[in-house]
Amino acid sequence: MSASIGQVTATGRIVIGYGSESGNSQHLAQRLAQEPFMQALGERVELQELGMVDPHGLGVQDRLIIITSSFGDGEPPANASDFLDAVRMADVLHELHYAIFGLGDTAYPTFCGFSKDLDETLESRAATAFVNRVDADSSYEVFFPLWRETLFKVLQGDAKAGKALNLRVMAYSENNSYPAVVVQRETLNRRAPLASHLRLDISGSGMFYRPGDTLYVVPDNPPELIERILFWLEPDASAQPLPDDRNRTALAGRELRQLGRASLRELARLSGNEELKELLKISQKKQLDAYLYGRDVLDVLQDFCSPDTVRLNDLVRLLPECLPRAYSIASSDPDHIDLCVRDVAYHARGRDYQGIATGHLGHVQVGDTLGVFTQSNPSFHLPTDTAPLILVGTGVGIAPFIGFLAQLEQTHVQGQPIPHTSLFFGDRHADSDFLYRERLEQWQGQGILQSVVTAFSRGDSPTDAGGQASSAATATPRRYVQHAMLEHADSLWALLSKGARVYVCGNKAYLGQAVEQALHDIARQSGGLDDEQAHTFVQNLLLEQRVKHELF
Ligand SMILES: Cc1cc2nc3c(=O)[nH]c(=O)nc-3n(C[C@H](O)[C@H](O)[C@H](O)COP(=O)(O)O)c2cc1C
């Protein structure tokens, strides 16, 4: 006999079984048990380790809610394995009604292996899923409230809601990338190197991301580079297909730019070149790095090898597969991924060079397809509290901040509080390189972004995106974001004193250090700290992860 409790029409017992190694699933299970609609059911809600649940002990009126992670090679957590064994041993469990929320990590080949296996095994024993299984990765905090709402609806009697739920992260990877279609392409600046905003359609892919995450693009090598290498290998045969045409095609999928020691060592062995062998000595690491900077495999072949010692099939064998390239995601929309990509093109040693993936992305057009997969980057996500945010980005390092601001806009539209946010943006020329200026001004107008301070290094006067002249009316020809931060030392100190977090994205060579130095100087100048105290202050910010870097 069913009984109506509060708004929930429940029938029998509700057993929440958790399988957890490091506590995430247990914590979610406890939170679920504390939900008012569960609390209203009183003693009929039971919270247990999943391994303690007897699948035969649940009647047709009862509901089993499973929250579990996967471990090892898609194995159950220790406190859940007995349940899987019991289900496997059962002939039929047709009275059993269950819902599974699986936690996992797409970095593991058997993503949510245990929860998927459990779902399949239960189904094979005629048990009934009353809500579709959830496969969550680090997104679980986003999925959990959506799943809880669905559970609530189903327990109220809306059975269809459980069948309509679709919260399954798909685990794409280098070997299983998602073919995303380019649906928009816009040039963001007017001076080379050009920066572009690309929008990829991922609707229906099961790919899930959060602003701050990384998109990997599986690139195609530039055809001109392949042709040049083939010409170097066999100058006479480049016009006609070679006998080993498969190797020719295979070369297109090999890593031609980021050369590892193993490949170089093999080239040194084949060529017998003493100079290359010398460069590969551990003591020559700096010299090797300096040599490789801006060079590719064709340079190495030309500089150290001869075509009679290195053949096409050797190259195909010794070079690894083309490595996917990482890009910060510049959006917060479940159906799209936006990227902000700058051309890498230069002329050196009589040749035109292109970044491998960036060259590829530089040419893709609307309608083209790119092989992509995402990687979660939890240390660069927005926090859940409303402590102020200080965003410091240079060039295309603004990309993740566009994603953050889009996320804050969504939060704001939902009527929830958002943090006080300041952006410091640096690039070269104010007249051509103020990436996303209009969107930033719009966000300022909407009260989503409180201030934008720019630093254009090539002699243009800095302005506030809101139109106000910044305090640095007398700009020096090389004014960088760290200088702009110092000009706003007092307001930044006030924000830091309120617990602000600092997100830094841009050039690996100098930005991280420059911002840390700026924070040190701000602590001295506006916080009145001495040198040692300022040093400790910055170290603490780093230790507490209140300064977060995404440098490339
Ligand atoms: C050693 C180790 C192995 C893991 N193996 C898997 C795995 O095979 N498949 C998967 O999806 N997740 C795997 N994970 C990720 C966990 O399932 C994920 O971190 C989950 O949120 C942990 O939840 P818990 O704290 O409730 O155990 C593994 C994590 C660790 C630390």
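Position 1 is the first residue of the sequence, and the numbers go up from there. Just so it is clear, the model here is predicted, and its values are computed rather than measured. When a ligand or atom number is given, it counts from 1 through the structure's own listing order.
Between the choices Gly104, Ala80, Ser70, the shortest heavy-atom distance to atom 14 (N) of ligand 1 belongs to Ser70. Of the listed options Phe111, Tyr140, Phe71, Phe114, Phe71 places a heavy atom closest to atom 31 (C) of ligand 1.
The protein heavy atom nearest to atom 25 (O) of ligand 1 is Ser22 OG, 2.5 Å. Counting protein heavy atoms only, atom 23 (O) of ligand 1 is closest to Ser69 CB, 3.2 Å. Among protein heavy atoms, atom 8 (O) of ligand 1 sits closest to Gly72 O, 2.7 Å. Of the protein's non-hydrogen atoms, the one nearest atom 19 (O) of ligand 1 is Asn24 ND2, 4.4 Å. In this structure, the protein non-hydrogen atom closest to atom 2 (C) of ligand 1 is Tyr108 OH, 3.3 Å. Nearest non-hydrogen protein atom to atom 15 (C) of ligand 1 is Asp105 CB, 3.7 Å. Distance from atom 9 (N) of ligand 1 to its nearest protein heavy atom, with residue and atom name: Thr110 O, 2.9 Å.
The only member of Ser331, Ser332, Ser376, Ser139 that meets side chain to side chain donor-acceptor pair (under 3.5 Å) when paired with Tyr209 is Ser331.
Side-chain contact check for Trp147 versus Leu32: some heavy-atom pair is nearer than 4.5 Å.
Residue-ligand proximity: Cys112 is placed with a non-hydrogen atom under 4.0 Å from ligand 1.
With salt bridges taken as basic N to acidic carboxylate O contacts below 4.0 Å, none links Glu123 and Arg133. Between Asp117 and Arg88 there is a salt bridge, since a side-chain N of the basic residue sits under 4.0 Å from a carboxylate O of the acidic one. The residues Arg501 and Asp385 are annotated as salt-bridged, a charged nitrogen and a carboxylate oxygen being separated by less than 4.0 angstrom. The residues Arg317 and Glu266 are annotated as salt-bridged, a charged nitrogen and a carboxylate oxygen being separated by less than 4.0 angstrom.
The distance from ligand 1 to the heavy atoms of Gly74 drops below 4.0 Å at these ligand atoms: 7 (C), 8 (O). Short contacts between ligand 1 and Leu103, defined as distances under 4.0 Å to a heavy atom of the residue, involve ligand atoms 17 (O), 21 (O). Of all atoms in ligand 1, listed by their number and element, those nearer than 4.0 Å to a heavy atom of Ser20 are 24 (P), 25 (O), 26 (O), 27 (O).
In this structure, Arg325 is not positioned above the aromatic face of Tyr216 in the sense of NZ or CZ being under 6.0 Å from the six-membered ring centre and within 45° of the axis.
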Show, in sequence, the C-alpha distance, side-chain angles and deciding distance for Phe83 and Phe114, and conclude whether the ring-ring contact (aromatic ring centres under 6.0 Å, His included) test is met. CA-CA 11 Å; Phe83 182 77; Phe114 168 56; 8.4 Å; no

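Of the N and O atoms on the side chains of His336 and Asp201, not one donor lies less than 3.5 Å from an acceptor on the other residue.
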